[in-house]
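Structure first, commentary second.
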Amino acid sequence: MTLPFAPKTPVYGGDYNPEQWDAGTVDEDIRLMREAGVNLVSLGIFSWARMEPEEGRYELDWLAELIDKLYANGIMVDLATGTASPPAWMAEKHPETLPVTAEGIRFGFGSRQQYCPSSPLYRRKAAELAGELAQRFGAHPGVVLWHIGNEYGCHIHECFCEECAAQFRIWLLEKHGSVDGINKVWGTDFWSQRYGTIDQITPPRAMPTFSNPGQMLDWRRFCNHQILGCLLGEREQIRKYSDRPVTTNFMGAFRWLDYREWARYMDVITDDSYPEPSDPASACEVAWQADLMRGLAGGKPWFLMEQTTSEVQWRTRNASKRPGQYALWSLERLAHGADGVLQFQWRQSIRGSETFHAGMVPHAGKKSATWHEVVELGSTLQKLGPVVGAPQEANVAIVLDWESEWATMSAVGPQDWSHFRLAREWHRTLWEQGITTDIVGTDADLSRYTVVIVPGVLIDYREFAQRASRAVERGTQLLVVTPTGLVTPELEALQGGYLGSLQALLGVSVTDLYGLTAGVYEHDPMGVPRVHTEESDARDNLVNRLSRAVEVPGAAHSMPLAIDRDELERARDRLMAVDSPKVSLRPGLRGQLWGERVAMVQPDVEVFATFAASGGAIDVAGLPALTRRAVGAGAAWYLATDADGFTRAVIWQLLAAYARVHPAFAGLPDGVEAQERGDFLFLLNHSDRVAELAGIMGKDLVSGGEATGHLVLPPRSGAVIDRR
Ligand code: GLA
Ligand code: ZN
């Protein structure tokens, strides 16, 4: 399967914002694009002010000329509807289109994305513009894709204006039926929040303290719905006049918008990804976002809509990519299922807010090292035609659920937590161990996977539990990590023991929450920065006669877990089919932040680890921390704490041993990632050292050389071995 516009080689190019340049520069741009091997550009993302300089007067000839020129030069266009940045006349004539903060401040004009997603005027004008463009260019052979809006929700993911309030009320009544229905679900009988009429309900504006959690959760859903509505309005107009596929650029695991829902309206999934180059785990961020996009695409190819060739300008400190890293991370996206990479932006601005954001053509032009890398990657991609459309198969899945992230954010307590953080950390564990992972929703067919990890899915879903049970029966190893199954989809706490519908399968229930270790936090639970050091505590305790006698296990930095090392070691040895590198158990296992009292509800539950009699969880010492229950051909595991990275790796190895899952390629030097995609083996050297690899046979599509057992990869470089 290939992208709907079936390119023969991976797509390559970038955002092209030609309104910044004179005609001569545009001609030079096209020459340079050809030199760099560019075959796709995103056009018009910020062009509304040029496309419709006055309300109702469209000027599209300049765009027509440009699309023709690009097409004549073999460059396809991802045509943007330009609606991410409404023009000045809209703010002037229709100030009610400007978004309002929770504090009631209406934003001004002069930046971008300054629109209220509920504004009927904005929506109508955006849809009309999309329609104009579709009528004019919808059948142009050079226009292969529609780019609706741009990074929806990036700056404005909620608006608190009167229009949004009115729409929120309508949405609430539709969902809950009546004001009483809303009162019930939100639990407004507490704190005297009961509403008498629908008009009393407002968005969760600035408040003295916590907003009602039910209101917050519905607000999250409503905001997602409103912003999606903007996209759908434009999409409908495009569909009237054009059959070209549509996309909008996602931003990885962007917590404010439920991309799983959005993905249903996309013909192609595209992503923007800007990992921090000064973080040693950035290549993992690349993999995480890519794996998520592959999942959202449902196995169909996706591509990267934006990355930077080097530094961005929007962090406080903007590290440059190291030599080779731009190409390496681009190859990494391909390794994880992408069929191309585009950059923001083609030519680096010389004025405006993004002047110091790198581009494909930097300020120094062809003299720059960046330009050299841009051309080099272009020529590499032209050699990777065979990879286009190749499928990627994973045996392991991590469940990611936007509603649970929202529920976690909306609930006041029980912990300052993020389901997405937990999911990302487990993904990292697998990535570090060389395992390819799918990121799936709670509606996924779990029996396709030998291992499924459920990292803190707060909401209890009956159907998900049923699907999980069937998968385990058929052989899946399912690992459920706390905090899972604490609330219903309407945020009502489960009674009679947490884990709800999963209790029967896991064989355990959670009777008491036992947290939190404070050591990892930089602020205390009241948000006050923690200034205590062990030294200051010791000095103060010379005089603190009363408090120095109080033990506070909850302030300990970790929760050691007691395991029978020999038994665990033997279990692993017995089960490991091949000798993939084993993590030593010496450093011991540890939980952090959170623990629970777990009770057995089935007799056949094995306990792999318990909370130890020291550290943060001493009050639950001896109680289960990691359990396993064999069911049918598989097993259901429960982890009652937030494991640190080392502990996650050990647990993973146990799961892998039972599931007999192996890395794509074992025995690689440190820093080298291997990913299989169809018949192609991607070998990516993320390290600063030359990597020598043994046992590699086949043609390397990147270098053109033939590997006959031995392959040398320079620092920050990659190879794509053709194994057909
Ligand atoms: C986002 C936007 C782009 C650009 C980049 C810069 O991804 O979509 O227009 O501003 O950030 O990193
Ligand atoms: Zn609004």
Side-chain angles (χ1 to χ4, degrees), residues 14-17 19-20 41-48 78 80-86 90-91 94-107 111-123 147-171 202-205 219 222-223 225-227 229-230 247-252 254 257 270-277 289 304-315 318-321 326 341-349 352-360:
D15 278 35
Y16 190 33
N17 299 306
E19 49 284 274
Q20 303 177 93
V41 295
S42 304
L43 200 60
I45 289 179
F46 300 115
S47 303
W48 195 341
D78 161 41
T81 56
T83 52
S85 209
M90 191 179 291
H94 312 284
E96 77 287 357
T97 59
L98 295 167
V100 173
T101 66
E103 295 77 20
I105 296 166
R106 199 176 278 282
F107 281 123
S111 179
R112 64 176 182 183
Q113 216 176 75
Q114 69 288 345
Y115 62 85
C116 157
S118 302
S119 156
L121 192 280
Y122 167 77
R123 284 181 171 218
H147 185 112
I148 304 182
N150 191 63
E151 290 195 340
Y152 275 103
C154 171
H155 309 302
I156 301 291
H157 63 263
E158 56 190 351
C159 168
F160 296 83
C161 76
E162 280 310 325
E163 183 63 40
C164 285
Q167 295 298 324
F168 187 39
R169 292 178 194 119
I170 294 171
W171 183 91
T202 61
R205 296 189 170 128
W219 177 248
F222 166 76
C223 293
H225 172 83
Q226 286 309 90
I227 299 176
C230 294
T247 191
T248 190
N249 39 353
F250 289 166
M251 295 167 280
F254 184 66
L257 300 179
T270 58
D271 188 38
D272 295 355
S273 160
Y274 292 92
E276 163 65 88
Q289 278 197 220
L304 190 74
M305 188 61 90
E306 287 182 25
Q307 66 168 335
T308 176
T309 52
S310 187
E311 67 280 341
V312 298
Q313 99 297 11
W314 40 261
R315 294 193 172 100
N318 301 295
S320 311
K321 284 183 178 161
Y326 163 55
V341 291
L342 269 60
Q343 309 12 268
F344 177 88
Q345 59 178 324
W346 163 254
R347 184 181 280 275
Q348 185 170 8
S349 299
S353 303
E354 307 201 58
T355 301
F356 293 103
H357 189 296
M360 296 174 81

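One is the number of the first residue; the rest follow in order along the sequence. Counting starts at 1 for both ligands and their atoms, following the listed order.
Atoms of ligand 1 lying under 4.0 Å from any heavy atom of Phe46, numbered from 1 in the order shown and given with element: 9 (O). Near Asp272, meaning under 4.0 Å from one of its heavy atoms, ligand 1 places the atoms 7 (O), 8 (O). Of all atoms in ligand 1, numbered sequentially from 1 with element shown, those under 4.0 Å from a heavy atom of Trp314 are 6 (C), 12 (O).
Note: no N/O pair closer than 3.5 Å links Gln313 and ligand 1 by distance alone. For ligand 1, none of its N or O atoms has an N or O atom of Asp15 under 3.5 Å away. Any N or O atom pair closer than 3.5 Å counts here, and Glu306 shares at least one such pair with ligand 1.
When heavy-atom distances to ligand 1 are checked against a 4.0 Å cut-off, Arg112 comes that close only through its side chain, counted from C-beta outward. Under 4.0 angstrom from ligand 1, the non-hydrogen atoms of Asn150 all belong to its side chain. At a heavy-atom cutoff of 4.0 Å, ligand 1 is contacted by the side chain of His357 but not by its backbone.
For residues 151-160, the set of pairs meeting the salt bridge (Lys or Arg N to Asp or Glu O under 4.0 Å) definition, not counting sequence neighbours, comprises Glu158-Arg220.
When hydrogens are left out, the protein atom nearest atom 1 (C) of ligand 1 is Glu151 OE1, 3.0 Å; that is the closest non-hydrogen contact. Protein heavy atom nearest atom 4 (C) of ligand 1, with residue, atom name and distance: Glu354 OE1, 3.3 Å.
Between Trp48 and Tyr122, the two ring planes are tilted [angle within 30° to 60°]. Tyr274 and His357 have perpendicular rings, their planes meeting at more than 60° on a 0 to 90° scale where under 30° would count as parallel.
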Under the criterion salt bridge (Lys or Arg N to Asp or Glu O under 4.0 Å), I'd like the reasoning laid out for Arg315 against Glu276: C-alpha separation, chi angles, the key distance, then a yes or no. CA-CA 9 Å; Arg315 294 193 172 100; Glu276 163 65 88; 3.6 Å; yes
Apply side chain to side chain contact (heavy atoms under 4.5 Å, CB included) to Arg112 and Phe46, showing your working. CA-CA 9 Å; Arg112 64 176 182 183; Phe46 300 115; 3.1 Å; yes
Could you walk me through whether Arg123 and Glu163 satisfy the salt bridge (Lys or Arg N to Asp or Glu O under 4.0 Å) test, starting with their C-alpha distance in whole Å, then the side-chain angles of each, then the deciding distance to 0.1 Å, before giving a yes or no? CA-CA 12 Å; Arg123 284 181 171 218; Glu163 183 63 40; over 6 Å; no
Assess whether side chain to side chain contact (heavy atoms under 4.5 Å, CB included) is satisfied between Met305 and Thr247, documenting all intermediate values. CA-CA 10 Å; Met305 188 61 90; Thr247 191; 3.9 Å; yes
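The closest donor-acceptor contact from the side chain of Arg205 to the backbone of Phe160 lies under 3.5 Å. With hydrogens and angles disregarded, a donor-acceptor distance shorter than 3.5 Å links the side chain of Thr309 to the backbone of Gly359. In terms of modelled atom types and a separation under 3.5 Å, the side chain of Asp271 and the main chain of Gly252 share a donor-acceptor contact.
No donor-acceptor contact under 3.5 angstrom links the side chains of Ser119 and Glu96, judged on distance only.
Protein N/O/S atoms closer than 2.8 Å to the Zn ion (ligand 2): Cys116 SG, Cys159 SG, Cys161 SG, Cys164 SG.
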